[in-house]
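Keep in mind that this is a model prediction, so the values were computed, not measured. Numbering of residues begins at 1 and proceeds along the displayed sequence.
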Amino acid sequence: DQENCIKFSDLLDRVAKVNPLLRIRFSTSNPQDMGIDVIDVMAKHNNICNYIHLPVQSGSSRLLEVMKRGYDRAKYITLIDNIKQRIPDCTISMDMISGFCTETETDNQLSETVMDYVEYSFGYMYKYSVRPNTPAARLKDDVSPSEKQKRLAEIIEKQQEHSLKNMQTKVGNTYEVLIEGFSKKSDNHLYGRTEHNSAVIFEKGEHKLGDYVMVKIEDCTSATLKGKVIYSGNELPAWGNLILIKHANGWTTAYAHLDKILVKVGDRVNTGNIIGSVGATGNVSKHQLHFQVRKNSKPVNPKNYLKKK
């Protein structure tokens, strides 16, 4: 009943507070149900992944009405703008249908302009086919198979361009990756995902499923990042870079002689070996900020200098 109902944004907020180390990602957000309250909760919590799957289906308001989607092009674009404004580093993916009933070439071009506006990180694209016992089954399937295939090929090509562009911006950056399994191409490599839902391939080493590892990205395709693990668990990182891992008690700890450290937003930097102001480098989001430390200093225990606000 209504008295016992809870809004999705409130549920998401509660779940995020259960364990700050628990990575949270939800599968799909239908545009008609995605509100500012959900976006604001995502921006509030570091452990909610910066990833939203937001089906668009078509960039044509006329066709969205035919589909009975419950939103139009303008509402969808406004939602995209709100996401990018409140979560600048958010990855957005989509679903799109090619050749839906009554779709014209103009409708198809409107879909492509939405793709150019958003520049989705990846997408799931299909050509329309009739499904029995659905409202659309009562409509005339009047787009020829060849035209459906042609339009689908066009949007797939465009999405691959956008996906590659997005992946290339990540090369050279370091990301926390949750290991999910073995690479399909090699038992000597594992794969995992970043908080942006990007797939990452790296050498197996001694790592195992369920581990969080910090991976420096060295190469990419339009679908996959490839990199090298530079820090995992309690291992000491390589000389020059230290990745700090936030613990449930609120402290950030690590031990090494280093030139740079990576910390979480919400940490307060005091005096000690850490100097200078916050300097944003690379692909920096609400989750990552870089600070410089004095070179040739004594080994640093950041626990002495970093404390959660």
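Residue Phe122 shares its hydrophobic cluster (ILVMFWY side chains chained together at separations under 4.5 Å) with Tyr51, Tyr124, Tyr126. The hydrophobic cluster containing Tyr191, built from Ile/Leu/Val/Met/Phe/Trp/Tyr side-chain heavy atoms closer than 4.5 Å, also comprises Ile201.
A salt bridge is defined here as a Lys NZ or Arg NE, NH1 or NH2 lying under 4.0 Å from an Asp or Glu carboxylate O, and Asp72 with Arg62 fails to meet this definition. Looking at Lys228 and Glu203, no side-chain N of the basic residue comes within less than 4.0 Å of a carboxylate O on the acidic one, giving no salt bridge. Under a 4.0 Å N-O distance rule, the pair Asp211/Lys208 qualifies as a salt bridge. Salt-bridge annotation for Arg151 and Glu105: present, with a side-chain N of the basic residue lying under 4.0 Å from a carboxylate O of the acidic one.
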Derivation of the side-chain contact (heavy atoms from CB on, under 4.5 Å) call for Leu190 and Val213 = CA-CA 11 Å; Leu190 297 171; Val213 292; over 6 Å; no
Could you go through the side chain to side chain donor-acceptor pair (under 3.5 Å) check for His53 and Ser93 one step at a time?
-> CA-CA 5 Å; His53 183 68; Ser93 62; 2.6 Å; yes
Asn108 and Glu112: CA distance, side-chain angles, deciding distance, side-chain contact (heavy atoms from CB on, under 4.5 Å) verdict = CA-CA 7 Å; Asn108 181 62; Glu112 293 192 24; 3.4 Å; yes
Would you please test Val177 and Arg193 for side-chain contact (heavy atoms from CB on, under 4.5 Å) and show each step?
-> CA-CA 5 Å; Val177 175; Arg193 294 186 183 275; 5.7 Å; no
Could you walk me through whether Thr104 and Asp107 pass the side chain to side chain donor-acceptor pair (under 3.5 Å) check?
-> CA-CA 5 Å; Thr104 66; Asp107 294 324; 3.1 Å; yes
Could you please spell out the steps behind the salt bridge (charged side-chain N to carboxylate O under 4.0 Å, His left out) verdict for Asp13 and Lys17?
-> CA-CA 7 Å; Asp13 184 60; Lys17 292 175 180 177; 3.1 Å; yes
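Gln32 approaches Lys75 most closely through the heavy-atom pair CA-NZ, 4.2 Å. Contact between Thr174 and Ile230 at its shortest, heavy atoms only, is CG2-CD1, 3.7 Å. Of all heavy-atom pairs spanning Ser98 and Lys148, the tightest one is OG-O, 3.2 Å.
Between the Ser60 side chain and the Leu110 main chain, no donor and acceptor come within less than 3.5 Å of each other. At distances below 3.5 Å, at least one donor-acceptor pair connects side-chain atoms of Ser61 with backbone N or O atoms of Arg73. In terms of modelled atom types and a separation under 3.5 Å, the side chain of Asn47 and the main chain of Asn19 share a donor-acceptor contact.
For the atom pair Met42 CE and Ile24 CD1, the distance stands at 10.5 Å (nearest 0.5 Å). If you take CD1 on Ile52 and CD1 on Ile92, they are separated by 6.0 Å, rounding to the nearest 0.5 Å.
Grouping the Ile, Leu, Val, Met, Phe, Trp and Tyr side chains by contacts below 4.5 angstrom, directly or via other members, places Leu164 apart from Val200. Taken together through direct or relayed side-chain contacts under 4.5 Å among Ile, Leu, Val, Met, Phe, Trp and Tyr, Ile6 and Ile36 form part of one hydrophobic cluster. Cluster annotation: Val143 and Val130 are assigned to distinct hydrophobic clusters (Ile/Leu/Val/Met/Phe/Trp/Tyr, side-chain heavy-atom contacts under 4.5 Å, transitive).
Listed by chain and residue number, Arg86 satisfy the side-chain hydrogen bond (donor to acceptor under 3.5 Å, both in side chains) test with Asp40 (two or more places apart in sequence, or in another chain). Applying the side-chain hydrogen bond (donor to acceptor under 3.5 Å, both in side chains) criterion to Ser27, with sequence neighbours excluded, gives no partner residue.
In the displayed structure, Glu218 atom CD is contacted under 6.0 Å by more than 12 heavy atoms of other residues, nucleotides or ligands. Counting heavy-atom neighbours within 6.0 Å of Lys150 NZ, excluding the residue itself, gives a total above 12.
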Ignoring hydrogens and angles, write down the donor-acceptor pairs under 3.5 Å from the side chains of residues 131-139, residues two or more places apart or on other chains.
residue, atom, partner, partner atom, Å
Thr134, OG1, Arg131, O, 2.7
Thr134, OG1, Ala137, N, 3.4

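Proximity of His196 to Tyr175: side-chain heavy atoms (C-beta onward) are separated by under 4.5 Å at one or more points.
Identified under the ring-ring contact (aromatic ring centres under 6.0 Å, His included) test for residues 98-120, with sequence neighbours left out: Phe100-Tyr128.
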